[in-house]
Number of protein chains: 2
Amino acid sequence: MKRNTWQREAVREALGTTDGFVSAQGLHAALRDGGSPIGLATVYRALSDLADGGEADSLQSMEGEALYRACSTDGHHHHLICRNCGLTVEIEADAVETWATQVASANGFSQPQHIVDVFGLCAACTRATTA
Amino acid sequence: MKRNTWQREAVREALGTTDGFVSAQGLHAALRDGGSPIGLATVYRALSDLADGGEADSLQSMEGEALYRACSTDGHHHHLICRNCGLTVEIEADAVETWATQVASANGFSQPQHIVDVFGLCAACTRATTA
DNA sequence: CCAGACTTTGACAATCATTATCAATTGTAC
DNA sequence: GTACAATTGATAATGATTGTCAAAGTCTGG
Ligand SMILES: [Zn+2]
Ligand SMILES: [Zn+2]
Ligand SMILES: [Zn+2]
Ligand SMILES: [Zn+2]
C-alpha cells in the first residue's frame, strides 16, 4: 500500500509552489534551503511517483535533464517553455493529437505515444535580450 | 579549418549504413566489431559535428540517450519510431510546423524551436507481440 | 619533398544525473 | 501497542557524456 509521509507531502507542496519546470536536483536544493532535511533519493522517488500518478508532468530539458511540473490542466496537454526563465504555458492542441495518432496508424504503427514541446523566449526575455 | 580524417569518414559511413537511430556508444561498438580501432571520444565528436552540419538528425531516446541518424530527407522533418526494433519513418507535417510557430507567437514567444517525435510499435513488432 | 603550424585523435580521468543498496526508521492495520 | 511491510537516506554504483593533453596526423607553402 501507499503510505503518507511528510517527505512526499513536502515534495508535492514544493512542486506546487514552483512556477515552471524543475529538476529533481533543483527541487531538492530548494527544499534544503527551506530547512527541510529531505534526502535527494527521496525527491527523485517522490517526483517519479507523482509523474506516474498523473499529478505531475515531466519532460526532458534540451540539456537532457528530467524536469517536473505540477500542471493546472488535468487532461493531456503540451507545453510552451521559455528557455531563458522557464516560464511555462500549458497548451492543448487537438489537431496535434489527432495528427499523431493518424500518422502512426497510417504507417501501421500501434500504441502511439508522442513527445511535443515548444521552446522559445517569452515576451519579457525577448525584450531583455533585445535591449 | 576542418580536416579530413578516416575516422570522420568511417563514422559518416557507418551512420549511413545504419537503418534506424543509433547511439554514439552503439555506433562505436559497431565500428569496433567491424575491425576499426576508432576511439569512443572521436565517435562522439564526429556525430556531434555531423549533427551541427545538418548531415545527421539527432533526438533523445525515451531513456534519455542521444541518438543519431543520417536521414534521406534534406529539409526539416520529424520521425515515427518503433520503440521495439528502431524502424524509423521520416514524416513531414507542415500543419505541425505552422501550429508550432503560431502557438509561440500567440503567446508572445520568439525564436521558437520544437521537439516533435512519435513512438509506437511498427506493424511487424505489433504482430510479433500479439502472437 | 619537407617543415612548421595547426587539428584531430584517443586513452583516461572527471562530471553529473540518476539508480541501486540496505540498514534504520516509520506508517498502518489489527 | 505490536507486527510487518513500505519508506527513507547516506552512500556507492552506474552510465552516458565531456574534458585533458601528449602524441600523431593533415595541410600548406616553399
Ligand atoms: Zn523568459
Ligand atoms: Zn499530445
Ligand atoms: Zn518494430
Ligand atoms: Zn518541425
Side-chain angles (χ1 to χ4, degrees), chain A residues 1-15 18 20-53 55-69 81 83 86 115 117, chain B residues 1-15 18 20-53 55-69 81 83 86 115 117:
Chain A
M1 89 225 33
K2 186 76 81 180
R3 288 175 179 177
N4 265 352
T5 63
W6 63 264
Q7 288 96 331
R8 240 192 267 284
E9 195 46 47
V11 169
R12 204 198 309 273
E13 203 237 317
L15 194 64
T18 305
F21 278 85
V22 246
S23 66
Q25 306 269 357
L27 200 64
H28 177 244
L31 283 162
R32 276 294 173 81
D33 288 350
S36 171
I38 194 170
L40 176 60
T42 303
V43 175
Y44 272 100
R45 281 186 289 240
L47 286 174
S48 178
D49 286 353
L50 287 175
D52 285 350
E55 289 192 69
D57 278 10
S58 72
L59 60 80
Q60 301 255 135
S61 77
M62 273 177 310
E63 292 77 42
E65 208 177 3
L67 304 180
Y68 297 86
R69 181 166 192 267
I81 305 152
R83 60 170 160 267
I115 296 176
D117 297 300
Chain B
M1 89 223 32
K2 186 77 78 182
R3 286 171 182 183
N4 269 350
T5 64
W6 65 263
Q7 287 96 331
R8 238 191 268 284
E9 195 47 48
V11 169
R12 203 198 310 273
E13 204 238 316
L15 195 64
T18 304
F21 278 85
V22 245
S23 66
Q25 306 269 358
L27 201 64
H28 177 244
L31 283 163
R32 276 295 175 81
D33 287 349
S36 172
I38 194 170
L40 177 59
T42 304
V43 175
Y44 271 100
R45 282 186 290 240
L47 286 174
S48 178
D49 285 353
L50 287 176
D52 285 350
E55 290 191 70
D57 276 12
S58 71
L59 61 80
Q60 301 255 135
S61 76
M62 273 176 309
E63 291 76 43
E65 208 176 2
L67 303 180
Y68 297 86
R69 180 166 192 268
I81 305 151
R83 60 171 161 267
I115 296 176
D117 297 301

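Below, chain A is the first sequence line, B the second, and so on; all start at residue 1.
Sequence order on DNA chain D of the closest nucleotides to I38(A) and Q7(B) puts I38(A) first from the 5' end.
Distance CE/M62(B) to CG/D117(B): 9.5 Å, rounded to 0.5 Å. A distance of 6.0 Å separates CG of L15(A) from CG of L47(A), quoted to the nearest 0.5 Å. Taken from OG1 in T18(B) to CZ in R69(B), the straight-line distance is 10.0 Å, to the nearest 0.5 Å.
Extent of DNA chain D lying under 4.0 Å from chain B heavy atoms, first and last nucleotide in 5' to 3' order, is dA16(D) to dC27(D).
Q60(A) meets the side-chain hydrogen bond (donor to acceptor under 3.5 Å, both in side chains) test with no other residue; sequence neighbours excluded. Residues passing the ring-ring contact (aromatic ring centres under 6.0 Å, His included) test with Y68(B): none are found, sequence neighbours excluded. Judged as a side-chain hydrogen bond (donor to acceptor under 3.5 Å, both in side chains), and not counting sequence neighbours, R3(B) has no contacts. Here E13(A) pairs with nothing under the side-chain hydrogen bond (donor to acceptor under 3.5 Å, both in side chains) rule; sequence neighbours left out.
If you check residues 21-30 of chain A against DNA chain C, the residues with a heavy atom closer than 4.0 Å are Q25(A), listed by number. Of the residues in residues 44-53 of chain A, those placing a heavy atom less than 4.0 Å from an atom of DNA chain D are R45(A), in numerical order. Only at 4.0 angstrom or more do the heavy atoms of residues 56-68 of chain B sit from any atom of DNA chain C, so none qualifies.
Every pair passing salt bridge (charged side-chain N to carboxylate O under 4.0 Å, His left out) that includes a residue from residues 40-53 of chain B is listed here, sequence neighbours excluded: K2(B)-D49(B), R8(B)-D49(B).
Nearest heavy atom pair, residue S61(B) against residue L67(B), reads CB-CD1, 3.6 Å.
Comparing the start and finish of the helix from dC1(C)-dG30(D) to dC30(C)-dG1(D), five pairs each, the helix axis swings through 30°, to the nearest 10 degrees.
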Grab the N/O contacts between the protein and nucleotides 26-29 of chain C below 3.5 Å, and write none if there aren't any.
{"from": "dT26(C)", "atom 1": "O2", "to": "R3(A)", "atom 2": "NH1", "distance (Å)": "3.3"}
{"from": "dG27(C)", "atom 1": "N2", "to": "R3(A)", "atom 2": "NH2", "distance (Å)": "2.7"}
{"from": "dG27(C)", "atom 1": "N3", "to": "R3(A)", "atom 2": "NH2", "distance (Å)": "3.3"}
{"from": "dT28(C)", "atom 1": "OP1", "to": "N4(A)", "atom 2": "N", "distance (Å)": "3.1"}

What pairs of donor and acceptor atoms, side-chain ones from residues 24-37 of chain A against any protein atom, are under 3.5 angstrom apart with sequence neighbours left out?
{"from": "Q25(A)", "atom 1": "NE2", "to": "Y44(A)", "atom 2": "OH", "distance (Å)": "2.9"}
{"from": "H28(A)", "atom 1": "NE2", "to": "I38(A)", "atom 2": "O", "distance (Å)": "3.1"}
{"from": "H28(A)", "atom 1": "NE2", "to": "L40(A)", "atom 2": "N", "distance (Å)": "3.4"}
{"from": "R32(A)", "atom 1": "NE", "to": "S36(A)", "atom 2": "O", "distance (Å)": "3.4"}
{"from": "R32(A)", "atom 1": "NE", "to": "I38(A)", "atom 2": "O", "distance (Å)": "3.0"}
{"from": "R32(A)", "atom 1": "NH2", "to": "I38(A)", "atom 2": "O", "distance (Å)": "3.0"}
{"from": "S36(A)", "atom 1": "OG", "to": "I38(A)", "atom 2": "N", "distance (Å)": "3.3"}

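With contacts defined as side-chain heavy-atom distances shorter than 4.5 Å, the pair I81(A)/L59(A) qualifies.
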